[in-house]
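Input: a single structure, listed below in structure tokens.
These numbers come from the heavy atoms of this one structure, side chains and all, not from hydrogens, waters or symmetry mates. Just so it is clear, the model here is predicted, and its values are computed rather than measured.
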Amino acid sequence: FTAPLVEEVVYRGVLYPAFRVKLSEPLSIFLVTLVFALIHVPQYLPNYGTIIVITILSLTLTLVRAKTGSLLPCVVIHTIFNGITSLLLVAEPFLPKTLAPPDEPTTSMILRLLSLQ
């Protein structure tokens, strides 16, 4: 429960305003998004899907901070995101599993579905 508060204070409360003093708003948003995402990469490798989701979360939170000028909505959104993620991790063993993997490589299946092969 403390991670969203601490991370928001550091990234959107300290870094974003510091970048904003010297840089444009778009560049500040980009840099904070990038730094937040890169800090989380070692934790989630090799799950690139999760890294993409974390990057989108970071962009969303930084945009909210830029548009509202407040950390509170960022903390609330981040807490809800982490809460949902935690609930899914706890529920995961009880969720249905896929019956069988596809019998053809994913790329071939996508091309076939798109009628490109």
Can you list everything that forms a side chain to side chain contact (heavy atoms under 4.5 Å, CB included) with [X]? Sequence neighbours excluded, please.
{"X": "A18", "answer": "none"}
{"X": "L87", "answer": "none"}
{"X": "I51", "answer": "V41, Y44, L45, Y48, T55"}
{"X": "F30", "answer": "L27, L34"}

- Item | Spatial distance of atom CD1 (I29) from atom OG1 (T33) [nearest 0.5 Å] | 7.0 Å

- Pairwise distance CG(L23) to OG(S28) - rounded to 0.5 angstrom: 4.5 Å

- K67: salt bridge (Lys or Arg N to Asp or Glu O under 4.0 Å) partners, not counting sequence neighbours: E25

- Note on the structure: Nearest heavy-atom approach of P73 to T68 is CG-OG1, 3.8 Å

- Message: Restricting to non-hydrogen atoms, name the atom on C74 and the atom on L61 that form the minimum distance, rounded to 0.1 Å.
- Response: SG-O, 3.2 Å

Do [X] and [Y] belong to the same hydrophobic cluster, where Ile, Leu, Val, Met, Phe, Trp and Tyr are linked whenever their side-chain heavy atoms lie under 4.5 Å apart, directly or via other members?
{"X": "I54", "Y": "L59", "answer": "yes"}
{"X": "L38", "Y": "F19", "answer": "yes"}
{"X": "V32", "Y": "L71", "answer": "no"}
{"X": "I77", "Y": "Y11", "answer": "yes"}
{"X": "Y16", "Y": "I39", "answer": "yes"}

- side chain to side chain contact (heavy atoms under 4.5 Å, CB included) partner of T60, chosen from L63, I56, T62: I56

- Pairs flagged by side-chain hydrogen bond (donor to acceptor under 3.5 Å, both in side chains) wherever residues 74-91 is involved - sequence neighbours left out: E7-H78, E8-H78

- Query: Ignoring hydrogens and geometry, is there a side-chain-to-backbone donor-acceptor pair from R65 to R12 under 3.5 Å?
  - Reply: yes

- Residue pair F81 / V53, side-chain heavy-atom distance below 4.5 Å: yes

